[in-house]
There are 2 protein chains.
Amino acid sequence: MRFAPHMDTALEEAQAAAARGEVPVGAVLVAPSGQVVARAGNRTRELSDPSAHAEMLVIRAACAAAASERLPGHVLYVTLEPCAMCAAAIAAARIARVVYGAADPKSGGVAHGARVFSHPQAHHVPEVIDGIGAAASEALLKGFFAARRDLSSD
Amino acid sequence: MRFAPHMDTALEEAQAAAARGEVPVGAVLVAPSGQVVARAGNRTRELSDPSAHAEMLVIRAACAAAASERLPGHVLYVTLEPCAMCAAAIAAARIARVVYGAADPKSGGVAHGARVFSHPQAHHVPEVIDGIGAAASEALLKGFFAARRDLSSD
């Protein structure tokens with residue numbers, strides 16, 4: 001499966017996020033050359049920044065490195081369906097393709113809720129491929145939230 | 001008009017953004033005490049960061065200063081209707097009220113397009129007050145884009 005290696009990297013970032021006490025979501029951004037230009041996991045708690053989702057961190061890092069607001073031809077791998085904030089940032093950065101793992105009926109903004117790419121207003125709509133590595137991503141998220149529930153009931 | 005002073009500050013930030021060659025949008029974040037805790041204009045070009053909208057910059061600055069991902073009771077003033085990215089960040093930060101100036105049928109995500117606060121999925125919906133300082137905001141934006149068109153036709 002040609003998506004698997006980059007999604008494996010994104011899952012590693014999600015695991016590292018969980019180890020830091022962050023919601024386990026990881027992302028990888030790949031240039032048209034095939035080179036990984038950024039990888040990150042959630043850091044909202046560490047940075048006290050509600051915008052520090054994995055997707056936002058890789059987009060910001062890759063744009064800074066490229067000295068450009070846009071990343072044409074790039075592919076974003078992320079373990080969870082992006083929220084509306086991240087989906088709109090993906091469109092703003094003109095990312096060509098988004099490959100994501102688990103669906104997020106509660107907070108997703110691609111296939112759920114605001115469905116950011118599904119409005120006539122969307123200036124740029126990436127190709128979207130879902131369900132890649134979904135089981136591993138879901139297992140990580142479920143384990144993380146189950147552990148937090150156990151802690152809070154102690 | 002009780003909103004005017006903070007919106008005037010946001011308009012100053014929008015003017016400063018225009019002077020830097022950025023799309024003229026400005027924002028101010030006000031704490032429950034009434035203190036201005038952050039003010040910013042767009043810096044997407046300067047920072048090569050498609051997420052560096054005025055709203056995102058004030059939310060990130062205020063969250064960092066408060067060492068918190070959430071800003072309960074805070075009021076955000078912004079000269080233009082927030083886009084879907086900023087609207088979702090506003091919800092994530094639990095901002096109590098959003099006061100905005102001009103409507104943005106092309107890229108707005110509050111009253112147009114993705115309408116981020118209008119889905120059952122929205123975890124937090126701020127009070128929204130629109131049209132404050134709208135004429136001044138629109139005049140700034142129209143002047144900015146007219147000047148860019150003139151430049152590009154030279």
Side-chain angles (χ1 to χ4, degrees), chain A residues 22-23 42-53 55-72 74 81-95 104-125, chain B residues 22-23 42-53 55-72 74 81-95 104-125:
Chain A
E22 305 274 358
V23 174
N42 257 342
R43 292 191 180 269
T44 59
R45 289 180 65 173
E46 175 191 344
L47 302 177
S48 295
D49 180 356
S51 81
H53 286 186
E55 303 94 310
M56 300 291 278
L57 295 176
V58 293
I59 290 171
R60 296 182 62 212
C63 283
S68 170
E69 292 172 61
R70 297 185 177 182
L71 301 166
H74 286 57
E81 178 186 343
C83 75
M85 174 182 72
C86 293
I90 287 163
R94 305 293 193 269
I95 288 172
D104 188 358
K106 188 164 164 271
S107 300
V110 175
H112 298 91
R115 290 177 174 78
V116 167
F117 302 138
S118 306
H119 296 278
Q121 191 208 47
H123 308 316
H124 170 83
V125 177
Chain B
E22 304 274 359
V23 175
N42 258 343
R43 291 189 180 271
T44 60
R45 290 181 65 171
E46 174 190 346
L47 302 177
S48 295
D49 180 356
S51 81
H53 286 186
E55 303 94 310
M56 300 291 276
L57 294 177
V58 294
I59 290 171
R60 295 181 63 212
C63 283
S68 170
E69 292 171 60
R70 297 187 176 180
L71 301 167
H74 285 57
E81 178 186 345
C83 75
M85 173 182 73
C86 293
I90 287 164
R94 304 295 193 269
I95 288 172
D104 188 358
K106 186 162 165 275
S107 300
V110 174
H112 298 91
R115 291 180 173 77
V116 167
F117 303 138
S118 306
H119 295 278
Q121 191 208 45
H123 308 318
H124 170 83
V125 177

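Naming convention: chains lettered A, B, ... in sequence-line order (proteins, then strands); numbering from 1 in each chain.
We find the CZ-OG distance between B:R60 and A:S51 to be 4.5 Å, quoted to the nearest 0.5 Å. To the nearest 0.5 Å, atom NE2 of residue A:H53 and atom CD of residue A:E22 are 10.0 Å apart. One finds the CE atom of A:M85 at 11.5 Å from the CD1 atom of B:I90 (value rounded to the nearest 0.5 Å).
You'll find the side chain of B:R70 stays beyond 4.5 Å of the side chain of A:P50, heavy atoms only. Proximity of B:K106 to A:H123: side-chain heavy atoms (C-beta onward) are separated by under 4.5 Å at one or more points. You'll find the side chain of A:D49 stays beyond 4.5 Å of the side chain of B:C63, heavy atoms only.
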Audit row: A:L57, A:R43, side-chain contact (heavy atoms from CB on, under 4.5 Å) steps and yes/no | CA-CA 8 Å; A:L57 295 176; A:R43 292 191 180 269; 4.0 Å; yes

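Heavy-atom distances place both the backbone and the side chain of A:H112 under 4.5 Å from chain B. In this structure, the portions of A:R45 lying under 4.5 Å from any heavy atom of chain B include both its backbone and its side chain. With a 4.5 angstrom heavy-atom cutoff, A:P120 does not touch chain B via any of its atoms. For A:S118, no part lies under 4.5 angstrom from a heavy atom of chain B.
Put simply, of A:Q121, A:R115, A:M56, the one with the most heavy-atom pairs under 4.5 Å next to chain B is A:Q121. For chain B, the option among A:C83, A:A92, A:A84 with the highest count of heavy-atom pairs below 4.5 Å is A:A84. Ranked by heavy-atom pairs under 4.5 Å with chain A, the first of B:A91, B:A66, B:S107 is B:S107. Heavy-atom pairs under 4.5 Å with chain B peak, among A:G108, A:A52, A:A93, A:A62, at A:G108. In terms of heavy-atom pairs under 4.5 Å with chain B, the best-connected choice from A:I59, A:T44, A:V116 is A:T44. Comparing A:C86, A:A67, A:A64 by heavy-atom pairs within less than 4.5 Å of chain B, the highest count is held by A:A67. Highest contact tally toward chain B, considering only A:S68, A:A88, A:A87, A:A89, is held by A:S68 [criterion: heavy-atom pairs under 4.5 Å].
Here the closest heavy-atom approach between residue A:H124 and residue A:I95 is recorded as NE2-O, 2.7 Å.
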